[in-house]
Structures are given as C-alpha cells and as structure tokens.
There are 2 protein chains.
Amino acid sequence: MQLTMSGEYAVRAMIHLSALPFGTVVQIADVSKEWNIPENFLRKISVQLARADLIVSQRGLNGGIRLGQPAERITVLDVIEAVEGNIFLNKCLVCDGVCPRDEWCQVHTLWAEAQIKLKEILTSKSLAQLAAESFTRKAELNEARQRTSAA
Amino acid sequence: MQLTMSGEYAVRAMIHLSALPFGTVVQIADVSKEWNIPENFLRKISVQLARADLIVSQRGLNGGIRLGQPAERITVLDVIEAVEGNIFLNKCLVCDGVCPRDEWCQVHTLWAEAQIKLKEILTSKSLAQLAAESFTRKAELNEARQRTSAA
DNA sequence: CTAAAACATGACCATTTTTGTCATGTTCGG
DNA sequence: CCGAACATGACAAAAATGGTCATGTTTTAG
C-alpha cells in the first residue's frame, strides 16, 4: 500500500521539468544528479514517461528530454499511472466479477469510494501548480532563515 | 499501491466474525473454508489480529477465535493496520525529516492530504455496519433473483 | 490423567516484484 | 564519421509476498 520508487522518481523528474519554461530540454544525467535518482534507472523510467506522452525525448548531441505537454495539464496521478499502471487499492476492484462477493460485499463499496477519493486528490493540482507552490515555499523558508541568522 | 492478500484475508475473517453475535466463537478452519483463505496462512494472520486485540483466541477443545471488541468499534483501517502496519502512501511520509525536500515540496503535502482522506474513508464505517449492509444487500439480490426465476 | 482438539510458533521456501546494472544499439548534430 | 545522447533488452541482487509444515502448547471432556 505504497508508492514505488519508480513512481517516486518519476514524479521528481517531472516536477523538475515542470519548473522550467515549457520546451526546455534537460539531460537525464543532470536530473538524476540533482534529484538523487540512479541514472540508469531514470533512463528506463523516462522511456515509460515518453510512451505516455508526458515527456518527449531526443537523441543525439544536444538531445535530452522535455515535457510532452504543458505542466498545467499534467497531474501526479498521470505520472504515477504512466509508470505503475492504473491504480487499484484492492484486488477486488481490478476487474468486475473477479471477486464472487462483488455484488453485495460492502467492503468492496468502501474501497471503491476510497479509490475515487484518492484519484481525486492526486488530480486536484497540476504539476505546474505544485512546482510553483514549492518554489514559493522554498523562497519563504530561505528568507525566514536569513532573518534568523541576521538577528 | 495495493492491499496485500494478508490484509484482504484479515478483513474477510473479521467481517465473518462481525456478522455473528458478539462473543460467538468460531474455528479458524471453518472461516478459512467459507472465505477461501489458506488455512495455515489465516492462522498466522489471526495471531496478528489477536495481538492488536481485534480478536481473542482460545486453545483447546471447543476453542477458536472471537471478536476482541464489539464490531461497532472496529473499522477496516484497524484491521489492515493490525496486519500490515501503519499505512503510508508515500515513503516521504513515513517519518518527518527523511526526505530532504520535506519542508517545501508540495507533492509531499498532496500525499499527506491523500493519506488523511484515505484513512478517513476506511474508518467511516464500522465492521458491524459493513456486515449488516452486506447482509441486507445479499438478501435483496436473492429476492430479485427469485422474482426473475418465478416470472 | 490422558487423549484429542484447537491454536501458537518459528523455520522454511517458492515466486514475484522491485530496484537496479550493464552491454550494446540507435539516432542525431556538427 | 565522431561523439553525444537516449533506447533496448538481458541480467541479477534483494526484498516482499504468500504460503507450507513440523513441532509445541493449552484446554477440556471423559
């Protein structure tokens, strides 16, 4: 019941891209250094992100990766599902009819509700918003720190 | 990002107990047959449930397991956490300060929000309610089926 | 007090998933 | 054609999952 490292790394990389002007190309090696992601692992993850059109990659000199669509249109859920596949909190929810208690079991209903809510929250903010808010928060913290050390 | 079989089995067993009058003793072998749970596996799970005081087990002739507290006071989250430990949707949430981006990363905030909501839903109904509602729903379905076959 | 019934404990194990690494290939620009 | 960058696929170590099994302990009926 937890996000995998793949998902975690994918979100980090996407947040990195989302903080830059749309179209900016970066190299996987650089992202991996800045966000503590094993480089070769990130390479594999980036292929999945590209398949989901979340990023576009370009080979060759001056190549790299860039966002495949504006950060305003991408959510954390998009990123996770690109890497981990569709989210199902409970195996009973994977496919109708798999669980013989499907029709009447109210635990099933509860899980369905939980899953909907989870997805709702994970799509409630765009990567653009998250990146921007993080930037602001970071600046606030730095300022606070400077004031303290100055005093 | 999914409930384990342990968790799933635990919930099934607890629902079984919750549908019976408080204090009713049942045998693990019977529960395992009725709910398609590998018997030896359920035995191990039941130890964990007992440690969390969700059930009480008694050895010896006429022994078995029974609820450790009224089904009205137990939630699905209780059961899951007894078996899987505390739920953390994201590794960053496990322990403050583990993630160096903790303080400013807004993805962190989003996960925290999601986790709270998930727990909220998984505690929104007692096992007693879930068992009762399932019973009702099952009866409704049966009746509907009889009407159809009669017509 | 003894036998049988029931759960407890802990060792063990197969499989799958996760989290990578690496060698090699491909594409592109200059 | 060279070097930079990503792609692909094989490989593998480690951890988690989902069990099984032998043995031990507790309880009670008789």
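A note on names: the letters A, B, ... follow the listed sequences, proteins ahead of strands, and every chain is numbered from 1. Since the model is a prediction, treat every value here as computed from it, not as a measurement.
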(message) As a quick check of understanding, evaluate side-chain contact (heavy atoms from CB on, under 4.5 Å) for Leu67(B) and Leu127(B), giving each step before the final call.
(response) CA-CA 11 Å; Leu67(B) 282 188; Leu127(B) 294 192; 5.6 Å; no

(request) Please step through side-chain contact (heavy atoms from CB on, under 4.5 Å) for the pair Ser134(A) and Val107(B), ending with a clear verdict. (result) CA-CA 8 Å; Ser134(A) 295; Val107(B) 179; 5.7 Å; no

(message) Please say yes or no: joined through hydrophobic side-chain contacts below 4.5 Å, possibly via intermediate residues, are Phe135(B) and Val11(B) part of one cluster?
(response) no

(request) Rounded off to whole Å, could you give me the CE-to-P distance for the Met1(A) and dT17(D) pair? (result) 11 Å

(request) Round to a whole Å and report the spacing from CG of Asn36(B) to P of dG18(D). (result) 16 Å

(request) Send over the distance from Leu3(B) CG to dA16(D) P, rounded to a whole Å. (result) 17 Å

(request) Identify the two heavy atoms, one from Val94(A) and one from Gln2(B), that lie closest to each other, and give their separation to 0.1 Å. (result) CG2-NE2, 4.2 Å

(message) Nearest whole Å is fine: how far is dG19(D) P from Glu8(B) CD?
(response) 11 Å

(request) Starting at atom CD1 of Ile45(B), determine the distance to atom C1' of dA8(C), rounded to an integer number of angstrom. (result) 15 Å

(message) Which residues in residues 15-33 of chain B have a heavy atom closer than 4.0 Å to any atom of DNA chain D?
(response) none

(request) Calculate the interatomic distance between Arg43(A) atom CZ and dA5(D) atom C1'; express it in whole Å. (result) 7 Å

(request) Indicate for each nucleotide in nucleotides 20-30 of chain D, in 5' to 3' sequence, whether protein heavy atoms under 4.0 Å reach the base (B), only the sugar-phosphate (S), or nothing (-). (result) BB--BBBBSS-

(message) How many whole angstroms separate atom CE of Met5(A) from atom C1' of dA13(D)?
(response) 17 Å

(request) Kindly say if Ser46(B) contacts the phosphate of dA8(C), meaning a side-chain N or O under 4.0 Å from OP1 or OP2. (result) yes

(message) What's the closest nucleotide to the side chain of Thr4(A) if the choices are dA8(C), dA7(D), dT19(C)?
(response) dT19(C)

(request) Find which nucleotide of DNA chain C each of Lys91(B) and Gly63(B) is nearest to by heavy atoms, and output the residue with the more 5' nucleotide. (result) Gly63(B)

(request) Mark yes or no for whether Gln115(A), through its side chain, and Ala112(A), through its backbone, hold a donor-acceptor pair below 3.5 Å. (result) no

(message) side-chain contact (heavy atoms from CB on, under 4.5 Å) for Cys92(B) and Glu8(A)? Distances and angles first, verdict last.
(response) CA-CA 9 Å; Cys92(B) 292; Glu8(A) 169 73 23; 3.8 Å; yes

(message) Can a donor-acceptor pair be found, under 3.5 Å and without considering hydrogens, that links the side chain of Glu84(B) to the backbone of Leu3(B)?
(response) no

(message) What is the separation between atom CD on Gln2(A) and atom P on dT17(C), rounded to the nearest whole Å?
(response) 18 Å

(message) Check whether Glu39(A) reaches the backbone of Ile28(A) with its side chain - one donor and one acceptor, N or O, closer than 3.5 Å.
(response) no

(request) Indicate whether OP1 or OP2 belonging to dT19(C) is found under 4.0 Å from a side-chain N or O atom of Tyr9(A). (result) no

(message) OP1 or OP2 of dA8(C) versus the side-chain N and O atoms of Ser57(B): is any pair under 4.0 Å?
(response) yes

(message) Count I, L, V, M, F, W, Y as connected when their side-chain heavy atoms are under 4.5 Å apart, and connections chain through other members. Are Val25(A) and Ile74(A) then in the same cluster?
(response) no

